[in-house]
Number of protein chains: 2
Amino acid sequence: MKITIKDVAKKAGVSTATVSLVITNNSRISQDTRKKVLKAIKDLDYTPSRSARGLVSKKTGNLGFILTDDHFLRTEPFYTRIFLGTEFAAHVHDFYILLTTLPNTFSIDDPLPRFVREKNVDGIIIAGKVPTTLIQKLEKYKIPLVFIDYVPPMGEFPIVLMDNISGGETATKHLIDLGHKNIAFLGGDVQHPSIADRLVGYKRMLEKHNITVSSKLISTGSPEPIKEEGYKAMKSLLSKNNNISAVFACNDAMALGAMQYLKDIGIDVPGKISIVGFDDIESNIFLNPPLTTIRVPKIDLGVEAVKLLSERITNKNIARKKVLVPVELIIRESTRKIS
Amino acid sequence: MKITIKDVAKKAGVSTATVSLVITNNSRISQDTRKKVLKAIKDLDYTPSRSARGLVSKKTGNLGFILTDDHFLRTEPFYTRIFLGTEFAAHVHDFYILLTTLPNTFSIDDPLPRFVREKNVDGIIIAGKVPTTLIQKLEKYKIPLVFIDYVPPMGEFPIVLMDNISGGETATKHLIDLGHKNIAFLGGDVQHPSIADRLVGYKRMLEKHNITVSSKLISTGSPEPIKEEGYKAMKSLLSKNNNISAVFACNDAMALGAMQYLKDIGIDVPGKISIVGFDDIESNIFLNPPLTTIRVPKIDLGVEAVKLLSERITNKNIARKKVLVPVELIIRESTRKIS
DNA sequence: TTGCGCAAGTTAAACGTTTAACTAGGATTA
DNA sequence: TAATCCTAGTTAAACGTTTAACTTGCGCAA
């Protein structure tokens, strides 16, 4: 027989309502009674029934987590770490997470995730870029949404982002502090908000130190911020400038490509050229030299999203709309003081 | 106002019990009534409340999915695909999946996953190797368990495995069919059941074709079946045999290492030596030459686990204990007919 | 004609919580 | 001293299902 609130009430010598009030942290209960009840709960190893709770409170106690198939299956465990963060925080806020993936071909007449249709979540976390059609369909359900690492093109939703501008500043400052002046920016498509922001940080920090921002040192032509493009971009940058002493790559993948090119043409890193990346991807550790980079705390992104969503669910009139998670400079061996 | 079973009952002109019986597919209801009710459900877009259901039926409608941190965060999305399979099948069997990871340092006095403590799952799927202490603690909870890709050292649990023996046979047969006779086996630690079984399949197929099994062609010394070990093992194998014309590697990672070594010493694949791998990992596609391998249907592993678990939950006296998921030969360009 | 069995429903209790409304008694105010 | 307000609880209804037990009507055997 399962232990119920009645058993606890009897053991503590109070009514079931009192037990319930203790569980939900209601202030109407005196410290003495609270203690008694808490002890009874512990002694009996009681856990409230989610079903019974959900039935009367009209809450499910679940949060949905949506991302696209290819984000989930990526070899770089970026979104899996974010998920782990939400799992962790869900624990604290007493939620369960229901993870589901979406084909990236999601179209307007595809069915929504099951937990939406069956109303089995109190709120939804959306990680990474998802099809706009999904957001449109989701809006009608009036379920609180929170986005991670993606700014939806429409609507007014709470968002959790990493602090790309400050990351760009930190990376650039690190190079400046090492004595570099001719610092190149190796970027991808500036349409992507993250990349644009990292570039903003780069420019800002240069200006702050009275270093002229030269368009000849900035590469933003690459369609995708991947290794191969980093290789090409490094090549083209070097063909236009022969005095580059440092490179801030908009992400680690491009930094890897750049390092590969430099290795191929016999330029030593960090001997001749220092390189800073962004993201701190897993495979960096095996790199030679290990890459100095800006670490993005993926776990924290997830944690903050759950916090934000939890606030929304319990307390509708909340002001927080946007959370910027700070990033961190990780100094390894790809950067060096200029001689 | 949420639509309840009462609304459906009223609309269909029956009692709520009848609606419930229709939903649960009880045979006591006539076809006519069933149709009426189904129509009302559709018209009203009714979905039963999980909480209410759970409360009376004492089921949660959830399944737990446990794996270790490092399995979940692996760059090769093996377990993530298995999870996707369970998600997919959960849909069919009307369950939700609660995913949680475990530190691989799990010890006897670490707390069990929250869904176990709070009794918020009807059954649990365990994927990959997990600490024995976990299984021991879990056993006491009397929750149905199913293992995927791991044979626990104790207890009698239903398991879902890939068919390693038949995979080993298929790979070897493919090479034999191409005319190869001097076929090496590149393996890791035979303590690992999967590797041992693949070796069994290899030997069996050779014997079937009256090819002598030579221990000089079999390498099982590698502690871990990883790329670096494949490189070493290939080297050592070649130093002992100068007439190897084909290699069956116990997994793709080792196959990759072997190919790397052959490339380094100038032996053409598949010109001089054919190679077959096992697993069909994602990165194979970018390989040159693309690797012929045995594909493991990860999705199916997940699907079968949910099926098995679902049977256990609804129908305790089920016989099925072990499900072998068939594997499939994928012919690419690393194998060639012997000239 | 009576009695029985069966098919196809219905009735109503039960599941384990939360919470609005109520209460008892002490403290504060007028 | 009487009226009022708090504080710290209690009572009981409600949430939306499932299901054991009951009912009704019909066909069939004796």
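Proteins get letters first, then strands, A, B, ... in listed order; numbering begins at 1 in each. Bear in mind that the values here come from a model prediction, so they are computed numbers and not experimental data.
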Counting heavy atoms from C-beta on, name the nucleotide in [options] closest to the side chain of [X].
{"X": "A/Ser30", "options": "D/dG9, C/dC15, C/dT17", "result": "D/dG9"}
{"X": "B/Thr4", "options": "D/dG16, D/dT11, C/dG9", "result": "D/dG16"}
{"X": "A/Leu21", "options": "C/dG9, C/dT19, C/dC15", "result": "C/dT19"}
{"X": "A/Pro48", "options": "C/dG9, D/dT18, C/dT17", "result": "C/dT17"}
{"X": "B/Thr24", "options": "D/dT18, D/dG16, C/dT17", "result": "D/dT18"}

Gap between atoms [atom1] and [atom2], on [X] and [N] respectively (whole Å):
{"X": "A/Arg28", "N": "C/dT23", "atom1": "CZ", "atom2": "P", "result": "15 Å"}
{"X": "B/Lys35", "N": "C/dG9", "atom1": "NZ", "atom2": "P", "result": "13 Å"}
{"X": "B/Leu55", "N": "D/dC15", "atom1": "CG", "atom2": "C1'", "result": "9 Å"}
{"X": "A/Arg53", "N": "C/dT18", "atom1": "CZ", "atom2": "P", "result": "5 Å"}
{"X": "A/Lys59", "N": "C/dT17", "atom1": "NZ", "atom2": "P", "result": "18 Å"}
{"X": "A/Arg50", "N": "C/dT17", "atom1": "CZ", "atom2": "C1'", "result": "13 Å"}
{"X": "A/Gln31", "N": "D/dT7", "atom1": "CD", "atom2": "P", "result": "15 Å"}
{"X": "B/Asn25", "N": "D/dT18", "atom1": "CG", "atom2": "P", "result": "12 Å"}

Supply the atom-to-atom distance A/Ile5 CD1 to A/Tyr46 OH, rounded to the nearest 0.5 angstrom.
4.0 Å
Just call it for [X]: base, sugar-phosphate, or nothing, with non-hydrogen atoms closer than 4.0 Å on any strand.
{"X": "A/Ser15", "answer": "base"}
{"X": "B/Ser20", "answer": "base"}
{"X": "B/Ser49", "answer": "sugar-phosphate"}

Report yes if at least one side-chain N or O of [X] is closer than 4.0 Å to OP1 or OP2 of [N]; otherwise report no.
{"X": "B/Thr33", "N": "C/dG9", "value": "yes"}
{"X": "B/Lys58", "N": "C/dA14", "value": "no"}
{"X": "B/Ser57", "N": "C/dC15", "value": "no"}

Would you kindly compare B/Ile29 and B/Ala52 by the position of their nearest DNA chain C nucleotide and give the one closer to the 5′ end?
B/Ile29
For the backbone of B/Ile97 and the side chain of B/Asn62, can you confirm whether one donor and one acceptor N or O come within less than 3.5 Å of each other?
no
Whether B/Lys137 side chain and B/Asp110 backbone form a donor-acceptor pair below 3.5 Å
yes
Looking only at heavy atoms, which two atoms of A/Ser194 and A/Asn164 are closest? And how far apart?
OG-ND2, 3.4 Å
Side-chain ion pair, A/Arg81 and A/Glu76, N-O less than 4.0 Å:
no
